[in-house]
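Please read the structure below before turning to the comments.
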Amino acid sequence: MNLASYLDLYEVLESDNSTRNERRTFGLSHPELKEDPVEQLSAWANREKLKLKRPLLSETLSSYLYWVTLILSFLTFVLGVVSGIGLLSYNGHEPVNVIYFIAMVVFVPLVTMSLALLSMFRASRSQSMLIHLSPAFWMERIVALLPNKVKDQLKGRFSELKINPLILNWLVIKRSQILALAFSFGLLLALLAMVATRDIAFAWSTTLSVTPEAFHHLLETLSFAWRDFFPWAVPSVELVEQSQYYRLGEKLGDTMISHAALLGEWWKFLLFATLFYAVILRFVMYIISTIGLKKAIERSFMTLEGSKKLLSDMNEVNISTHASTIENNFSSKTVAYTQVIDRFDQSYDMALGWAIDPDKLKLINERMQVIAPNCYEAGGANSLEEDSEVISKCHGEILFYVKAWEPPTMDFMDFLESLLEKADKVIVAPIGTEQQAYVSKERDVNVWARKLFTLNNEKVWLKISSAQALKGEAENA
Amino acid sequence: MPEHKESAFDHPKFAVVGHPNKGKSSIVSSLALDDSVQISDTPGTTTKKRSFPLTVDGKIIYELFDTPGFQRARKVLAWLEGHDVSADKKYEVVQEFIHTFKNDPKFNDEIELLEPIMEGAGIIYVVDASKPYGEEYEAEMEILRWTGQPSMALINHIDEGDYTAEWKRALGHYFKIVRTYDPMNISLAQHISILESMAQLKEEWTDSVKSSILFFEQYYEEMFQESAAAIAKAVFDSVSLIDTLAFTSEKASDVEKKRLEENYKNRLRMIESSTQKQIEIIWHHENLEKDKTQLAFEELDLFSEESASLFGLTRKELLITAATSGAITGAGIDLMFAGHTLFIGGALGAVVGGVGAYFAFNELSEIKVLGQTLGKRYLEIGPMANRNFPYILLGRLIYHTEQIAKRSHAKRSVAEFEMDSKFKEKWLDDALRKSLESYHKKFRSGKAIDEKVLLAYEALINTVLHKLI
Ligand SMILES: Nc1nc2c(ncn2[C@@H]2O[C@H](COP(=O)(O)OP(=O)(O)OP(=O)(O)O)[C@@H](O)[C@H]2O)c(=O)[nH]1
Ligand SMILES: [Mg+2]
């Protein structure tokens, strides 16, 4: 898991339009990943990123980070070499004081590594003061200000990008370790080069009253890591004694000059001290920071917007209940059926009822104050033959009651069409239920109006209520 | 003659059939949680059969069919009855009917509705018992009997009238299961009980349909979970929201401050409305039309007394909540001084917290001027200092979720969310207020929040939703 996979997932989730089904299919087809959500997420990102536009965010940022790190590492390496040379240069007056070099390769790393460890412990907190102390952090700020073109290009794409602060912290921590390592290699190179090309007289000197024995003891402690394997890389008591040097008013002692060859032995200790403290321990720090960053990235995977949803989509059963096809939009046109009456005539040649029996029809006629000599039922429980018989009896003006609440079926329309062959005029009268005192609802009558409209026959009239007729007139006016 | 297609391994199928305009599509829509089904008061809305499979990981558990209504039932029946066959052959006559009239537009609707039945679907016959029973229905039921498929009747009530008794008497002759069902008001419990009836239609289907009940329960649970997560995130995002505005002059003008505040409010509105939309999608109400004026920040000022009393905490409640959370801070001080200041500390904390809450009633958050980076200065607003805000937002989102979750997928009317002053009492009590406050305090602090805290907050909201819905 590296930063690139994090950014890939970020970008994939950002522009994701995969369906639940695709996600679940992926989850089911990679059962081995189910136990490891991070692996699962990154596998998904790896597949989905192929659909994204190049260059990917991760590519841009990685190459940017790579170059920044490379340049900075090179600079710190050079700085390391220069400082090493500076520390080991013999100016002709005084021997080279090993204490400076030891401070640089042992104490400075120990202090900065402790700080780094401390910041690692605190890194999970987004606002860590120690992070701001790290040189890499500030250097990068400066570099970020420099190449305008690059910056603009980055800014456009990254302005919305919010990397988890946890990752940023670890990124900075890791990069400081890389830079420190580069610096250490610089020092190491300087030491090897100086030792190889010059004859350096090392000595030690301090204002504090330190006996050679005590100093030797300190050195021995410092060499704990290698003294058992390479005893020759630990300065002997004699060497420490002979190389002590007092600056005040003294020239190089004759004794020292006579031991010049011996004094050179210091380089072995310095080499091992550099190797162990500045290089190996720092390398360990680098490894720790790499692991820390990896862990941080893994944790951040889960905090990315949409990742939880993606995981549950992949791992939970995909239940779907809706239609598998899309339905055409139904639009019912409002039509104005103009062949309407709002009042019954006094009499009709006959009265028909669609699924209304003759006894009922007589009752309704009375209620409507209509006279019709013959009443017949059509539809309903009639057989088709019975219906034809009814039609054969029809003539003249026919009042045709229908149940307003029942929708006009094609069965009715078929009957009406046959009826029209015999009748001169048909008044379709939708009536309400008995409870409604046969008063129909306007909404129901409209349904009938729409249906009759499709027939388009001038013999067919629709009975509407007077209120409805008034409304219609008002609309027409 | 075409062969009987049904095999033992077929998943259960159910065809919802009946007279036109009696709520077939409404029933399917509510059972399939699909709000895209065409439903209208014009008969003949549905012209093609449509399948609504319940699939789990692509595997069909059962399949529901919406069908057009019968149009020429008597003619079909007359044709069928023209074949004098024994009961075991009636099925084949229906097959033959389909075969013969496949391309005849006259019987399009009948063929569309008979096809799924002849492919093995159980029959769910829908009637509207708010209207009287009529003999014209008998032809339809007779045809269904000819198919020989297991069947049940569902009684729907579209209007006020009630003719259930006569309907039940008539339906009893044709169907062994007769149930009432209201597609406009459906809860998970009703849904499950209908599924249980469907499971009885045929022995081979019982297991499948029963297992679908478990899946539905899981499905609902997921919707609850996702809604709670969306709401929790909205509250966290809003309360912790920080907005900035760069300015170059010596001092920020009032206009700039106003603008920042407007931006900030707009972003809060955005969070609310997008969360509402998200909740609608979670509950499969993608096509919901809502009355915009009812639940938008524009109409109801978030920070007014009115919205506070509807959705948030009243001044008094706020004082109590803040005072108790303030007292906890006081208790911390006491611990440090080993309890010597026991009462003074607690009282002081309570007073400070309470007074703070009183003043935090109306203002959102302080506008700060932020440091100098390369000669630029920023105005910054947020995180939300108003202690009432999270309750108002939470109340509104929970209210929205309740409304959406309870809404039937068969409804096509514009949703009107009538705010009810009783609503707050329904979801928010003192204990909940206290536990919520501890989270809101964390959100307000501006610090990064551990994922676990957000999950716990989510769980809390989930229990509230479960209580309501
Ligand atoms: N109030 C109320 N209205 C209902 C109910 N069921 C159906 N409706 C209404 O009745 C009308 C017809 O409903 P649909 O579901 O389209 O009926 P359908 O049987 O599918 O109709 P077609 O497809 O035309 O055959 C619609 O306006 C519905 O809103 C109900 O239980 N209560
Ligand atoms: Mg329909």
Side-chain angles (χ1 to χ4, degrees), chain A residues 21 24-25 28 124-127 145 164-166 299 302-303 305 308-309 312 316-332 354-357 379-385 387 403 405-414 433-436 441 443-444 446-447 450-451, chain B residues 19-22 28 31-48 50-58 64 66 69-75 78 106 109 128 130-132 134-136 138-139 159 161 163 215-216 218-219 222 225-226 229 233 284 374 447-448 451:
Chain A
N21 205 0
R24 179 62 181 158
T25 310
L28 285 176
S124 56
R125 301 180 56 184
S126 58
Q127 293 277 299
L145 291 174
N164 192 316
L166 187 66
R299 270 177 65 190
M302 308 304 253
T303 65
E305 193 153 353
K308 262 196 275 172
K309 177 90 177 84
S312 77
E316 249 135 70
V317 289
N318 177 13
I319 302 174
S320 146
T321 56
H322 52 78
S324 37
T325 54
I326 292 167
E327 196 176 14
N328 287 338
N329 255 19
F330 176 83
S331 63
S332 74
W354 185 252
I356 305 172
D357 65 60
N382 277 10
S383 65
L384 295 170
E385 289 75 33
D387 273 1
K403 295 174 180 171
W405 67 89
E406 292 294 1
T409 55
M410 289 315 289
D411 194 14
F412 169 80
M413 298 302 278
D414 291 346
T433 60
E434 217 172 320
Q435 263 91 335
Q436 296 165 337
K441 288 192 176 157
R443 201 187 62 203
D444 293 337
N446 285 338
V447 169
R450 279 202 291 271
K451 197 70 184 183
Chain B
H19 217 58
N21 217 33
K22 299 299 177 190
V28 169
L31 289 178
L33 315 184
D34 186 335
D35 74 338
S36 72
V37 181
Q38 298 295 316
I39 291 172
S40 85
D41 57 6
T42 306
T45 306
T46 311
T47 54
K48 288 253 160 341
R50 287 185 81 214
S51 149
F52 296 77
L54 167 68
T55 63
V56 174
D57 285 341
L64 211 57
D66 186 14
F70 283 97
Q71 292 288 352
R72 293 183 166 98
R74 286 189 310 151
K75 298 211 166 81
K106 217 169 122 185
D109 299 279
D128 172 17
S130 66
K131 295 289 151 44
E135 286 172 326
E136 63 266 45
E138 280 160 26
D159 263 328
Y163 299 85
F215 287 123
F216 265 105
Q218 188 179 345
Y219 201 38
E222 248 172 57
Q225 181 54 47
E226 283 177 28
K233 189 163 182 316
H284 305 283
L374 307 168
K447 292 202 194 101
E451 209 197 323

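Note that the structure is predicted; figures quoted are calculated from it, not measured. Side-chain atoms are counted along with the backbone in the values below, which use heavy atoms only and exclude waters and symmetry mates. A, B, ... follow the sequence lines: proteins, then strands. Residue 1 opens every chain.
Considering OH of B/Tyr219 and OG1 of A/Thr321, their distance stands at 4.0 Å, rounded to 0.5 Å. Taken to the nearest 0.5 Å, the OG atom of A/Ser312 stands 9.0 Å off from the CD atom of B/Gln225. Note that CD of B/Glu136 and CZ of A/Phe412 are 12.0 Å apart. Values are rounded to the nearest 0.5 Å. For the atom pair B/Ser40 OG and A/Asn329 CG, the distance stands at 11.0 Å (nearest 0.5 Å).
For B/Val37, the parts lying under 4.5 angstrom from a heavy atom of chain A are both the backbone and the side chain. With a 4.5 Å cut-off on non-hydrogen atoms, A/Asn382 touches chain B through its backbone and its side chain both. Contact of A/Ser383 with chain B is made through the backbone alone, with heavy-atom distances under 4.5 Å. Both the backbone and the side chain of A/Val317 come within contact range of chain B, each with at least one heavy atom under 4.5 Å from a heavy atom of that chain. Contact annotation for A/Lys309: only side-chain heavy atoms (C-beta onward) come within less than 4.5 Å of a heavy atom of chain B. B/Glu138 does not touch chain A: none of its heavy atoms, backbone or side chain, sits under 4.5 Å away. Interface remark: B/Phe216 contributes side-chain atoms only to the contact with chain A (heavy atom separation under 4.5 Å). Only the side chain of B/Ala78 comes within contact range of chain A, with heavy atoms under 4.5 Å apart. Contact of B/Asp159 with chain A is made through the side chain alone, with heavy-atom distances under 4.5 Å. Contact of A/Thr433 with chain B is made through the side chain alone, with heavy-atom distances under 4.5 Å. Contacts of A/Ile326 with chain B are made by backbone atoms alone, with heavy-atom separations under 4.5 Å and no side-chain atom involved.
Chosen from B/Leu31, B/Ile39, B/Asp57, the residue pairing most often with chain A at heavy-atom distances under 4.5 Å is B/Asp57. When each of A/Thr25, A/Asp357, A/Thr409 is checked for heavy-atom pairs under 4.5 Å with chain B, A/Thr409 comes out on top. Between chain A and the residues B/Thr46, B/Asp41, B/Asp128, B/Leu54, the largest count of heavy-atom pairs under 4.5 Å involves B/Leu54. By number of non-hydrogen pairs under 4.5 angstrom with chain A, the leading residue of B/Tyr163, B/Phe70, B/Phe215 is B/Tyr163. Of the listed residues (A/Ile356, A/Asn328, A/Asp444), the greatest number of heavy-atom pairs within a distance under 4.5 Å of chain B belongs to A/Asn328.
Although no hydrogens or angles enter the test, the distance criterion places a donor-acceptor pair under 3.5 Å between the side chain of B/Asp34 and the main chain of A/Ala323. With B/Gln71 contributing its side chain and A/Met410 its backbone, the two residues share a donor-acceptor pair below 3.5 Å. Counting only distance, with no hydrogens or angles, the side chain of B/Arg50 and the backbone of A/Thr325 share a donor-acceptor pair below 3.5 Å.
In summary, B/Lys48 and A/Glu327 do not engage in a salt bridge, as defined by a charged side-chain N under 4.0 Å from a carboxylate O. Under a 4.0 Å N-O distance rule, the pair B/Arg74/A/Asp411 qualifies as a salt bridge. Using a cutoff of 4.0 Å between basic side-chain nitrogens and carboxylate oxygens, B/Glu226 and A/Lys308 are not scored as salt-bridged.
The shortest non-hydrogen separation linking A/Ser324 to B/Pro53 is OG-CD, 4.1 Å. Counting all heavy atoms, side chain and backbone alike, B/Glu135 lies closest to A/Ala381 at OE1-CB, 3.4 Å.
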Fill in: Derivation of the side chain to side chain contact (heavy atoms under 4.5 Å, CB included) call for A/Ile319 and B/Thr55
CA-CA 6 Å; A/Ile319 302 174; B/Thr55 63; over 6 Å; no
Worksheet item: Is there a side chain to side chain contact (heavy atoms under 4.5 Å, CB included) between B/Leu33 and A/His322 once you walk through the steps?
Response: CA-CA 6 Å; B/Leu33 315 184; A/His322 52 78; over 6 Å; no
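Applying the 6.0 Å contact sphere to CD of A/Glu305 captures no more than 12 heavy atoms from other residues, nucleotides or ligands.
A search for side chain to side chain donor-acceptor pair (under 3.5 Å) contacts involving A/Asn318 returns nothing, not counting sequence neighbours. In this structure B/Lys75 satisfies the side chain to side chain donor-acceptor pair (under 3.5 Å) test together with A/Asp414, sequence neighbours excluded.
For the residue pair A/Arg450 / B/Thr42, a side-chain donor-acceptor distance below 3.5 Å is found, with atom types taken as modelled.
At least one side-chain heavy atom of A/Trp405 sits less than 4.5 Å from a side-chain heavy atom of B/Pro132.
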